[in-house]
Asks: 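Structure incoming, see below.
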Amino acid sequence: MAEKDITPSMEKALTEGKELLASKQSSLIQLGQIQAFNFVGKLVTVTELKIVQQIKESKSYKGLTYTDENQKVVTVTTWEECCKHFLHTDPQNIDNRLRNLQQFGEEFFEQAQQMKLGYRDLRALRQLPEDEQALVIESEAVEVGDKEAVKDLIDELKAKHKKELSKTKTDLDATEHMLRSSRELQKKSALEIQELKEQLEHKKFSSSRWQHEVKSLFEAQAKISNQILEGFNQLLVLNEQLDTMQLDEQTHHVATDAFYADAKSLLKGLAHLWNEIYRSHGHLDETAKPSGEWLAEFGYEGTEEVM
């Protein structure tokens with residue numbers, strides 16, 4: 001075909017084809033370099049992993065071909081196929097190494113390779129908080145290449161972290177139990193108040209027993225009020241416990257958020273109750289006397305007053 005017969009679209013397609021071919025050729029060269037380093041089954045260097053990372057991120061492995069067991073040419077479409085047929089290893093193995101390199105940095109990764117730290121050791125290190133990871137990475141044991149000392153340090157920090165997590169869980173369980181008790185007390189008080197209200201609405205006092213009924217009403221009110229005050233005291237204990245617990249920031253936020261929401265719900269319920277009572281009896285503000293005084297007038301003694 002003459003040069004003048006090439007259209008712009010054809011020229012663009014030819015250019016893209018050349019670029020794609022160059023990309024695949026580059027990937028093959030890089031993979032060949034890795035294979036030349038006897039990559040299969042061995043610990044790899046930072047240099048090799050950087051090549052692997054570049055191939056993975058660019059997805060330049062797509063379009064490469066290999067011959068399967070039936071002597072058919074197959075095109076690579078996934079990272080797993082690339083690992084299996086070109087790197088001859090499990091993709092999880094490669095991804096773990098890439099993760100370690102990214103998380104720990106080149107210097108520590110090289111030192112870990114030289115000390116031949118195992119996968120389980122590095123996985124345990126990844127699971128530690130960042131400040132404890134830094135204690136290992138910057139330790140003298142790593143600097144001098146003392147593998148056993150590094151493993152012991154990781155195990156020590158892992159045990160410490162596990163103990164702290166266990167304590168946090170115990171504290172949270174205790175807090176949850178107290179919050180649950182507070183909710184149950186609040187629910188019980190609300191049910192008793194509702195039951196008392198229903199009794200007052202449906203009962204008809206006879207002239208022969210009205211003093212006894214009033215006494216029962218005041219005693220029930222005193223009992224319920226004391227339960228509510230006890231609930232308040234428990235909430236104060238909970239609040240102090242939350243302030244003194246050694247919790248991480250996220251756990252402390254969740255616990256205090258739940259505590260605040262429950263306490264607010266309780267106070268809203270009490271505010272609603274007071275509004276109902278005030279709407280019915282607010283005109284008695286200047287003349288009302290507590291139940292103990294009235295009971296004394298009725299001839300009853302020893303009835304506990306709620307302050």
Asks: With Gln194, which residues qualify under side-chain contact (heavy atoms from CB on, under 4.5 Å), at least two apart?
Replies: Lys197, Glu198
Asks: Holding to side-chain contact (heavy atoms from CB on, under 4.5 Å), I want the full list of residues that pass it with Leu191, two or more places apart in sequence or in another chain.
Replies: Lys187
Asks: Apply salt bridge (Lys or Arg N to Asp or Glu O under 4.0 Å) to Lys50 and list each qualifying residue two or more places apart in sequence or on a separate chain.
Replies: Glu106
Asks: Can you name the side-chain contact (heavy atoms from CB on, under 4.5 Å) partners of Gln92, sequence neighbours left out?
Replies: Asp90, Asn96
Asks: Quick one: list whatever passes salt bridge (Lys or Arg N to Asp or Glu O under 4.0 Å) with Asp95, sequence neighbours left out.
Replies: Lys56
Asks: Quick one: list whatever passes salt bridge (Lys or Arg N to Asp or Glu O under 4.0 Å) with Glu276, sequence neighbours left out.
Replies: Arg279
Asks: Filter on salt bridge (Lys or Arg N to Asp or Glu O under 4.0 Å), then keep only pairs touching residues 123-139, sequence neighbours left out; what's left?
Replies: none
Asks: What residues form a side-chain hydrogen bond (donor to acceptor under 3.5 Å, both in side chains) with Asp152, not counting sequence neighbours?
Replies: none
Asks: Describe, in one word, how the ring planes of Trp79 and Tyr61 are oriented to each other, choosing from parallel (under 30°), tilted (30 to 60°) and perpendicular (over 60°).
Replies: tilted
Asks: Please list, chain by chain and in numerical order, all residues satisfying salt bridge (Lys or Arg N to Asp or Glu O under 4.0 Å) with Lys147, sequence neighbours excluded.
Replies: none
Asks: How are the rings of His281 and His283 set relative to one another: parallel (under 30°), tilted (30 to 60°) or perpendicular (over 60°)?
Replies: tilted
Asks: Suppose the criterion is side chain to side chain donor-acceptor pair (under 3.5 Å): which pairs have a residue in residues 253-266, not counting sequence neighbours?
Replies: Arg183-Asp262
Asks: Can you tell me if His272 has over 12 outside heavy atoms packed within less than 6.0 Å of its NE2?
Replies: no
Asks: Provide the full list of salt bridge (Lys or Arg N to Asp or Glu O under 4.0 Å) pairs with a residue in residues 74-87, sequence neighbours left out, each pair given once.
Replies: none
Asks: So do Val150 and Asp121 actually touch side chain to side chain, heavy atoms under 4.5 Å?
Replies: no
Asks: Please identify each residue that fulfils side-chain hydrogen bond (donor to acceptor under 3.5 Å, both in side chains) with Tyr278, with sequence neighbours left out.
Replies: none
